[in-house]
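Structure record follows, encoded as structure tokens.
So you know, we letter chains A, B, ... as the sequences are listed, proteins then strands, and number each from 1.
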Amino acid sequence: MKKFLVGLLFIGLAFLLLINFAELPEEKLITFSLSDYYIGFGLEQTGALNLVTAILYDYRGFDSLGESTVIFAAVSGIVLILSRKMLPVSSHGLSFIVKRTLGILTPFIALFSLYVITHGHLTPGGGFQGGVILAAISIIFSIVYGSAFDYKRYSPELKTTFETGGALVFIIIGGLGILFDGFFLDNLDFLTHSPGTLISAGSIPLINIGIGFKVGAGLAIVFYSMIQKTFGEEF
Amino acid sequence: MLHHLVFTVLFLLGLYTVIYKNNLIKMVIGLNIMEIAVFFWVIAVSDTGKSVPIYHLNKFAASFNDPVPQALTLTGIIIGASTTALLLTFIIELNKFADTIDSNKLEGLNE
Amino acid sequence: MISISILLLIIIPLVVAFLIPLLDLYNKLLRRYLVIIGGVIEISISIYIIISYFSDLKAGKFFLTYYLGGWGPPFGINLVMDSVSLIFSSLISFALFFIIIYSIGFIGHHEGKYYVLFFLILGAMQGAILTGDMFNLYVFIELLTVTSAPLVAFKRNKHATEAAIKYMFYGVIGGLFFFVGVILLYFNIGSLNMAQLAQHFAEIENNMQLTIISIFLIGLLIKIGIFPFHFWLPKAHSACPSSLSALLSGVLLKVYLYIFIRLFWIVIGFEFLLEFNIASFLVYLALVSSLFGHVFALQASDIKRMLAFSSIGHIGMILAVFLLNTETGFYGGLLHIISHLLMKTGLFLSTGYLLQYTKSNHIDDFAGVGHQNKGIFVGFILLTLSMIGMPPFIGFFSKWYIIMAFLKIQHHFGAIVVVLGSLSAVFYYLRFIAKGYEKIKLSASDLKNEIYNRPILSVFYREKLVTTVIYIFVGMIILTGFSFRLFELPLQEGIKELINPQNYINLILGG
Amino acid sequence: MIYLEYLLLLFLIIAAVMAVYFEDEVISIIFLSVVSVILTTLYLLYQAADVALAEAVIGAGLNTAIYMSAISQIREKSK
């Protein structure tokens, strides 16, 4: 019965999606729409070359706060569900050659992630993407060196500190906005120099750095919790 | 029209997987495909043949694609990744208690 | 009027949630104080808003707003608080404050993450209610799903994890539909601000209007748990600890109802639901859902499942009475939202207390509970009486106005469903009350057996706190029953806003 | 260029169908990451560089790792 109803819904949905979605209008109804405003004034108002970043961290910065809170909530939930008071059972990792190669490569991966994070307002990228690359280092470490290696190097306490610290940095920068310009998450105007330089675009790079470390640490915690031998109780 | 067709096919494929597959991990994959379909559609429709919404320093061309859907999709992708991670965590936990990830054998998911 | 206090309603819970893990690294005992301080700050901001803007409310021009990042309404995100949001927001601060106090006595393990997720839910609820931006609303809806799902699985057994998976699947699909709706609105109109969308929605072509409405309807009906999409609700609301059931069933469903009201009365005008004949269909759908909820509650032998099914019944009733789109309907619906919030939260909290003295949630184990905990069981009975709709309590008055609203426009089916629901409620609550007063004789070995069979959770840390909170809720339903006219002023202002959405648009866009 | 887009769209659908079709979860996930890679290219074609970077990093990188760890946990348990 349930599956039959769902099937009916299915056909209706196919009809809806195919027939009606194709009728999207070419022009938006509002003559001066959101995108016109952002494209027209984005550079001079925020100082960011990358308009997507300008929207994400300045015009709609509150969305990004909510978004990073979603990641924070997911991490908290995963740790809540999978937490066991057990040391991880480590695999031995891959061969010597792979370990050495990774050792040489790691600084470059870290550098690339830092580049993506700090140049969010100039080039494609930003805190979220760079943060995921940062987390990838942790993931590769636990694959290549075995899961205990990462645990010894970067303890869960350190990761937690980075994660919550990053989120708090976001809120503190927002609070600075109240202090200097009168509104929460206001772009800090005194940091805006000529567009195109690294330190421009007001608070956007700072927020990017906060989010980058937060996302990196958070996703590392997620991966680490998921590879933990959570059913080690038997042995 | 082609984009709408691809979107519809992918979305319904994902929905089909969520509803008719029994393997829980396959169901999560179906959910992912649904999300992918929506995000693909948003980006494909918002592309009007203009350039990436990033200024070059020396040439100030101002005919950009609409940056707003891109920002919204970015948010959506990240939220989708966190929900996927959470769902997989629940499945690991369920497998620990029930020793199966077949939704047919879990009467709690089928009533 | 620009006021930072409505921003603080969202930010304070988030800050508390971010601080808890940091504080845990140093000292775990400080956490409890931080949690209480956070709750106190939250509720005092709510009280501050009510007191300092009371004259505005009386004059009928209560309206607070905040521009995030300093960008004005059409281009940035703005927070809005009007009379309807004032009712919901202060109710949530109030209810969650007491649930926090209850949790301190009730939850025994994994407290740190529990409070993190709890405060994130509080922040997300306030955000979903106060935001004036469509996409921001989507982000907060997803945040609500992501934070409440791990709490559904909090008990960490097979049952709870299954419930969480089911909840998550429905929640993510509902959220995805909501996302598509928001994007469609943006592609058609070119804005994300609710007021601007409301202004221009009438200019979209008819087919597209219908598409947008149906996409949003699928998304929101899944979230509210109306009949064809209600499968996740009873499991999810009964699998978690009682304090969380109270949160999900008593408070979270109202947030989704608020989003429904905000969307279909202000952003998408109600006249479009009438134009496409969706409104009358939805009334019947909601009433059928209500009937289903009550019927399933009759055959449920698990007390928390029974309460969850009863929630489906009540929520369907509220939705139906709102969809009548009359002044009496709004009054009855808003009043019943208040009363159902108080009653269902109180019921789940008292059930949580009573269930500590039973082996399981099953009705057979409920025998003799009334003798063991006399005071709380009397409170439980008073709450159920209010749920049924007995005169001196608030439940009677709200149900009275709902029936009046149905009768006023000659909608007899609705009135019959409400009465039938109350009648079946008499039966399904009476079963448990009668069982609770059953005399049982326990031998010494039986007693020992029962103590050893108790679940691990049944350790009370501070029993006094738990009972005090329950008594407060019982007191609230009696007090508000005698003086439900206290809500008259905000309710009337809220009704004015729902009837005249143009007012909201003018206030935000300054036209 | 337009043929490249058609080809990619075709491969996108084929990869998605494959991800659903195979019973083995590992193969499904590999095809899912293939979908993500194709999607990244498409996003670049559609002039959405930020989304392409996010899709490459999250869809092809992080999601695959998380799926794999989940499956290894589940297989280890049932062994």
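Of the two parts of A:V52, the backbone and the side chain both hold a non-hydrogen atom closer than 4.5 Å to a non-hydrogen atom of chain B. Contacts between A:I55 and chain B at a heavy-atom distance below 4.5 Å involve the side chain alone, from C-beta outward. For B:F90, the part lying under 4.5 angstrom from a heavy atom of chain A is the side chain only. Neither the backbone nor the side chain of B:I77 comes within less than 4.5 Å of any heavy atom of chain A. For B:V9, no part sits under 4.5 Å from any heavy atom of chain A, backbone or side chain.
The line from CZ of A:F128 to OG1 of B:T75 is 7.0 Å long, rounded to the nearest 0.5 Å. From A:L82, atom CG reaches atom OG1 of B:T89 across 5.0 Å, with rounding to the nearest 0.5 Å. Distance check: A:L56 CG to B:Q70 CD gives 10.0 Å after rounding to the nearest 0.5 Å.
Counting heavy atoms from C-beta outward, A:R60 and B:L72 have side chains that approach closer than 4.5 Å. No side-chain heavy atom of B:I78 sits less than 4.5 Å from a side-chain heavy atom of A:V70.
For the residue pair B:L88 and A:M226, the shortest heavy atom distance occurs at CB-CE, 3.8 Å. Across A:A74 and B:L86, no two heavy atoms sit closer than the pair O-CD1, 3.9 Å.
Chain A forms more heavy-atom pairs under 4.5 Å with one residue of B:L74, B:I79, B:I54 than with any other, namely B:I54.
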